[in-house]
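In what follows, a single structure is set out as structure tokens and then discussed.
Counting convention: from 1, in listed order, for ligands and their atoms alike. FYI, side chains are in, hydrogens and waters are out, and symmetry mates aren't considered; it's all heavy atoms of this structure.
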Amino acid sequence: MMNEGNLTIRSATIGDLDAIVEMWWESSRYHEELEPRFQYAPDAIDATRQFISKQIESEDSHHWVAQKDDDLVGYVEAMVVERAPIHLHRRIGYLGSIYVKSEARQKGIGTKLWKTAYDWLMTKEVAVINLMVASKNPRALDFWKKLNFREIMVRMELESS
Ligand SMILES: CC(C)(COP(=O)(O)OP(=O)(O)OC[C@H]1O[C@@H](n2cnc3c(N)ncnc32)[C@H](O)[C@@H]1OP(=O)(O)O)[C@@H](O)C(=O)NCCC(=O)NCCS
């Protein structure tokens with residue numbers, strides 16, 4: 001747990017589920033605005049609630065929340081995933097999601113969330129950490145580049161007509 005001033009970064013509990021799902025939805029809406037190709041199913045919120053509640057209880061994944069006074073202002077999700085046997089590093093870290101509420105941004109909270117996730121992934125002894133960033137999200141690209149991530153792949157998509 002990291003506590004600086006009135007900001008605490010702590011592991012999420014099932015009691016945080018509603019607030020995390022709400023932030024996930026805010027992030028999804030933000031991504032939909034950036035890129036209309038991001039389209040979510042009508043039951044995406046329910047599916048996410050189920051997914052996150054399982055993740056919170058899993059050994060190989062972890063959620064942390066940033067709490068300011070009584071409010072949650074951000075969260076991050078990290079997991080350990082197994083890749084195909086063709087890779088030198090099969091067990092890798094994966095950063096599933098990170099979000100800081102708009103009014104709390106650019107105060108270092110995203111960086112603190114990332115550092116907490118990174119420390120946990122290091123205890124899992126992963127040699128590589130992957131994540132996905134929307135091409136039209138320059139703020140996030142800048143954020144990750146500043147944290148020494150490098151772009152190594154571009155995902156391309158064709159809509160069938
Ligand atoms: C990306 C995000 C998590 C960053 O959180 P944050 O708390 O604002 O990040 P920090 O304050 O720790 O910022 C660290 C660095 O990121 C970069 N950054 C953050 N916001 C930025 C902005 N608006 N424009 C350009 N660079 C920015 C800067 O390099 C910044 O360093 P600086 O403050 O010294 O300039 C936050 O903007 C967010 O939640 N965005 C919406 C969801 C999203 O895009 N998630 C990422 C999915 S991959």
(message) For atom 32 (P) of ligand 1, what's the nearest protein heavy-atom neighbour? Residue, atom name and distance, please.
(response) Lys146 NZ, 3.2 Å
(message) Tell me if the aromatic rings of Phe149 and Trp114 count as close, with their centers under 6.0 Å from one another.
(response) yes
(request) Quick one: look up the protein heavy atom nearest atom 33 (O) of ligand 1 and list residue, atom name and how far away it is. (result) Gln106 NE2, 4.2 Å
(message) For ligand 1, which is the ligand I care about here, please tell me if Ala104 has any N or O atom under 3.5 Å from one of the ligand's N or O atoms.
(response) no
(request) Starting from atom 45 (N) of ligand 1, locate the nearest protein heavy atom and write down its residue, its atom name and how far away it is, to 0.1 Å. (result) Ile98 O, 3.1 Å
(message) What I'd like to find out is whether the side chain of Leu113 reaches to under 4.5 Å of the side chain of Val100, using heavy atoms alone.
(response) yes
(message) Counting only heavy atoms closer than 4.0 Å, does ligand 1 sit against the backbone of Lys107, its side chain, both, or neither?
(response) backbone
(message) For atom 13 (O) of ligand 1, tell me which residue out of Phe143, Trp114, Trp144 has the closest non-hydrogen atom.
(response) Phe143
(request) Under 4.0 Å, heavy atoms only, figure out whether ligand 1 is touched by the backbone of Asn137, its side chain, both or neither. (result) side chain
(message) Among all the protein's non-hydrogen atoms, which is closest to atom 42 (C) of ligand 1, and how far away is it?
(response) Tyr99 CD1, 3.5 Å
(request) Report the nearest protein non-hydrogen atom to atom 39 (O) of ligand 1: residue, atom name, distance rounded to 0.1 Å. (result) Val100 N, 2.7 Å
(message) With a 3.5 Å distance limit and no angle check, can you tell me whether Arg83 reaches the backbone of His89 through a side-chain donor-acceptor pair?
(response) yes
(message) Just to be sure I'm reading this right: ignoring hydrogens, which of Arg105, Lys112, Arg139 gets closest to atom 36 (C) of ligand 1? Compare them by their nearest heavy atoms.
(response) Arg105
(request) Check Ile9 against Ala66 and note the closest heavy-atom contact, atom names and distance. (result) CD1-CB, 3.7 Å
(request) Identify which of Ala140, Pro138, Gly108 has a heavy atom lying nearest to atom 11 (O) of ligand 1. (result) Gly108
(message) Taking the side chain as everything from C-beta on, heavy atoms only, tell me whether Ile109 gets closer than 4.5 Å to Lys101.
(response) no
(request) Can you pull out the closest protein heavy atom to atom 14 (C) of ligand 1? Residue, atom name and distance to 0.1 Å, please. (result) Thr111 OG1, 3.5 Å
(message) I'd like to know if the side chain of Thr48 reaches the main chain of Val21, judged simply by a donor and an acceptor atom lying under 3.5 Å from each other, with no hydrogens or angles considered.
(response) no
(message) Using only atom types and a distance under 3.5 Å, with no angle test, would you say the side chain of Glu32 pairs donor to acceptor with the backbone of Leu34?
(response) no
